[in-house]
Amino acid sequence: MSIAILHTTAPSSNPNGLEALDTAFAFANIEQQVGMFFIQDGVYQLLKGQQPEISGFKNHTKSYPALEFYDIEDIFVCTESLKERNLTSENLLLEATLMSPEQLASYLKPFDQVLRF
(Lines give C-alpha, C1' and ligand atoms only; values in the text may rest on other atoms or scores of the structure.)
Protein backbone atom coordinates (compact mmCIF):
# COMPACT_ATOMS: atom_id res chain seq x y z
CA MET A 1 0.00 0.00 0.00
CA SER A 2 1.15 3.54 -0.62
CA ILE A 3 0.12 6.57 1.41
CA ALA A 4 0.23 10.22 0.36
CA ILE A 5 0.18 12.69 3.21
CA LEU A 6 -0.97 16.19 2.32
CA HIS A 7 0.10 19.04 4.55
CA THR A 8 -2.31 21.91 3.97
CA THR A 9 -2.28 23.90 7.21
CA ALA A 10 0.22 26.16 8.94
CA PRO A 11 1.95 24.77 12.05
CA SER A 12 0.75 27.56 14.34
CA SER A 13 -2.96 26.98 13.69
CA ASN A 14 -3.38 23.37 14.89
CA PRO A 15 -1.44 20.15 15.70
CA ASN A 16 -1.93 18.74 12.18
CA GLY A 17 1.78 18.91 11.33
CA LEU A 18 2.73 16.71 14.25
CA GLU A 19 -0.12 14.30 13.56
CA ALA A 20 0.84 14.07 9.88
CA LEU A 21 4.47 13.42 10.75
CA ASP A 22 3.54 10.74 13.30
CA THR A 23 1.27 9.12 10.71
CA ALA A 24 4.08 9.12 8.14
CA PHE A 25 6.49 7.49 10.59
CA ALA A 26 3.88 4.88 11.58
CA PHE A 27 3.17 3.82 7.99
CA ALA A 28 6.85 3.84 7.06
CA ASN A 29 7.58 1.72 10.13
CA ILE A 30 5.35 -1.03 8.71
CA GLU A 31 7.13 -0.68 5.38
CA GLN A 32 4.45 1.19 3.46
CA GLN A 33 5.49 3.67 0.79
CA VAL A 34 4.91 7.21 2.06
CA GLY A 35 4.91 10.44 0.07
CA MET A 36 4.78 13.84 1.75
CA PHE A 37 3.11 16.71 -0.12
CA PHE A 38 3.23 20.31 1.15
CA ILE A 39 0.64 22.56 -0.46
CA GLN A 40 -1.25 25.76 0.38
CA ASP A 41 -0.45 26.87 3.96
CA GLY A 42 1.18 23.46 4.47
CA VAL A 43 4.40 24.88 3.01
CA TYR A 44 4.80 26.75 6.30
CA GLN A 45 5.37 23.34 7.96
CA LEU A 46 8.84 23.28 6.39
CA LEU A 47 10.02 26.77 7.25
CA LYS A 48 13.32 27.15 9.06
CA GLY A 49 13.36 28.67 12.53
CA GLN A 50 9.80 27.90 13.57
CA GLN A 51 8.67 28.14 17.17
CA PRO A 52 5.28 26.39 17.31
CA GLU A 53 5.64 26.03 21.07
CA ILE A 54 4.75 29.74 21.29
CA SER A 55 1.28 28.75 20.08
CA GLY A 56 1.16 25.85 22.53
CA PHE A 57 2.15 23.10 20.09
CA LYS A 58 5.11 20.71 20.26
CA ASN A 59 7.98 21.67 17.95
CA HIS A 60 7.72 18.72 15.58
CA THR A 61 9.92 20.36 12.95
CA LYS A 62 13.00 18.92 14.64
CA SER A 63 11.76 15.48 13.52
CA TYR A 64 11.69 16.25 9.79
CA PRO A 65 15.35 15.25 9.28
CA ALA A 66 14.36 11.76 10.56
CA LEU A 67 12.29 11.21 7.42
CA GLU A 68 15.32 9.82 5.63
CA PHE A 69 15.87 7.22 8.39
CA TYR A 70 12.34 5.96 7.67
CA ASP A 71 13.13 5.86 3.93
CA ILE A 72 10.62 8.63 3.27
CA GLU A 73 12.30 10.26 0.33
CA ASP A 74 9.30 11.46 -1.68
CA ILE A 75 8.89 14.99 -0.34
CA PHE A 76 7.15 17.43 -2.65
CA VAL A 77 6.43 21.14 -2.28
CA CYS A 78 4.05 23.17 -4.40
CA THR A 79 5.86 25.97 -6.22
CA GLU A 80 2.70 28.06 -6.53
CA SER A 81 2.04 27.82 -2.80
CA LEU A 82 5.60 28.99 -2.10
CA LYS A 83 5.27 31.83 -4.59
CA GLU A 84 1.90 32.99 -3.18
CA ARG A 85 3.52 33.22 0.27
CA ASN A 86 6.66 34.96 -1.01
CA LEU A 87 8.85 31.98 -0.06
CA THR A 88 11.60 30.06 -1.87
CA SER A 89 13.26 26.68 -1.41
CA GLU A 90 15.96 28.46 0.61
CA ASN A 91 13.37 29.09 3.33
CA LEU A 92 12.77 25.36 3.77
CA LEU A 93 14.44 23.26 6.47
CA LEU A 94 14.92 20.22 4.27
CA GLU A 95 15.50 19.38 0.66
CA ALA A 96 12.32 18.71 -1.30
CA THR A 97 11.23 18.37 -4.88
CA LEU A 98 9.46 21.51 -6.09
CA MET A 99 6.50 20.93 -8.41
CA SER A 100 3.69 22.83 -10.05
CA PRO A 101 0.12 22.03 -8.91
CA GLU A 102 -0.37 20.04 -12.11
CA GLN A 103 2.75 17.96 -11.48
CA LEU A 104 1.68 17.34 -7.88
CA ALA A 105 -1.74 16.13 -9.03
CA SER A 106 -0.03 13.73 -11.41
CA TYR A 107 2.26 12.39 -8.66
CA LEU A 108 -0.70 11.89 -6.30
CA LYS A 109 -2.65 9.63 -8.66
CA PRO A 110 -0.67 6.38 -8.11
CA PHE A 111 -1.01 6.49 -4.30
CA ASP A 112 -3.54 4.05 -2.83
CA GLN A 113 -4.60 6.38 0.01
CA VAL A 114 -4.43 10.15 0.44
CA LEU A 115 -4.57 11.59 3.95
CA ARG A 116 -5.07 15.33 4.34
CA PHE A 117 -3.87 17.20 7.39
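Only a predicted model underlies this, so the values are computations on that prediction, with no experimental measurement involved.
- Between the side chains of E90 and T88, no donor-acceptor pair of N or O atoms lies under 3.5 Å.
- Residue P110 comes nearest to S2 through the heavy atom pair O-OG, 3.8 Å, listed as atom of the first residue, atom of the second, then distance.
- V43 and S81 make their closest contact through CG1-CB, 3.7 Å (heavy atoms, listed as atom of the first residue, atom of the second, distance).
- Atoms CG and CZ, on L6 and F111 in that order, are 9.5 Å from each other to the nearest 0.5 Å.
- A donor-acceptor pair is defined here as one N or O able to donate and one able to accept, closer than 3.5 Å; such a pair exists between the side chain of Q50 and the backbone of L47.
- In terms of heavy-atom proximity, S89 sits nearest to L82 at N-CD1, 4.4 Å.
- Under the 3.5 Å distance criterion, the side-chain polar atoms of T8 are left unmatched by any main-chain donor or acceptor of I39.
- The aromatic rings of F76 and F37 lie tilted to each other, with the angle between the two planes from 30° to 60°.
- To the nearest 0.5 Å, the span separating CG on L104 from CZ on F38 amounts to 11.5 Å.
- Y44 OH to L87 CG: the interatomic distance, rounded to the nearest 0.5 Å, is 5.5 Å.
- There is a path of hydrophobic side-chain contacts, each under 4.5 Å, that joins M1 to M36.
- Under the 3.5 Å distance criterion, the side-chain polar atoms of E80 are left unmatched by any main-chain donor or acceptor of C78.
- Using the six-membered ring where Trp is involved, F117 and H7 have ring planes that are tilted, between 30° and 60° apart.
- Residues I72 and M99 do not share a hydrophobic cluster, defined by chaining ILVMFWY side chains whose heavy atoms lie under 4.5 Å apart.
- The distance from atom CD1 of I5 to atom OG1 of T23, rounded to the nearest 0.5 Å, is 5.5 Å.
- Residue D112 qualifies as enclosed at atom CG: its count of foreign heavy atoms under 6.0 Å is above 12.
- Nearest heavy atom pair, residue S100 against residue T79, reads CA-OG1, 3.5 Å.
- Using a 4.5 Å heavy-atom threshold, the side chains of K48 and T61 count as separate.
- There is a path of hydrophobic side-chain contacts, each under 4.5 Å, that joins L67 to L98.
- Cluster annotation: V114 and F25 are assigned to distinct hydrophobic clusters (Ile/Leu/Val/Met/Phe/Trp/Tyr, side-chain heavy-atom contacts under 4.5 Å, transitive).
- Considering all non-hydrogen atoms of both residues, L108 and A4 come closest at CD2-CB, 3.5 Å.
- Summarising the geometry, atom CG belonging to N29 is positioned 11.5 Å from atom CG belonging to D22; distances are rounded to the nearest 0.5 Å.
- Within the model, atoms CG of L18 and CD of Q45 stand 9.5 Å from one another, a figure rounded to the nearest 0.5 Å.
- No donor-acceptor pair closer than 3.5 Å links the side chain of N59 to the backbone N or O of Q51.
- Taking 4.5 Å as the limit, every side-chain heavy atom of E19 sits out of range of all side-chain heavy atoms of N14.
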- request: Start with the C-alpha distance between Q40 and R85, add both sets of side-chain angles, then the distance that settles side-chain contact (heavy atoms from CB on, under 4.5 Å), and finish with yes or no.
  value: CA-CA 9 Å; Q40 302 166 354; R85 288 151 184 85; 4.0 Å; yes
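- Of all the heavy atoms in H60 and L21, the pair that sits closest is O-CD2, 3.5 Å.
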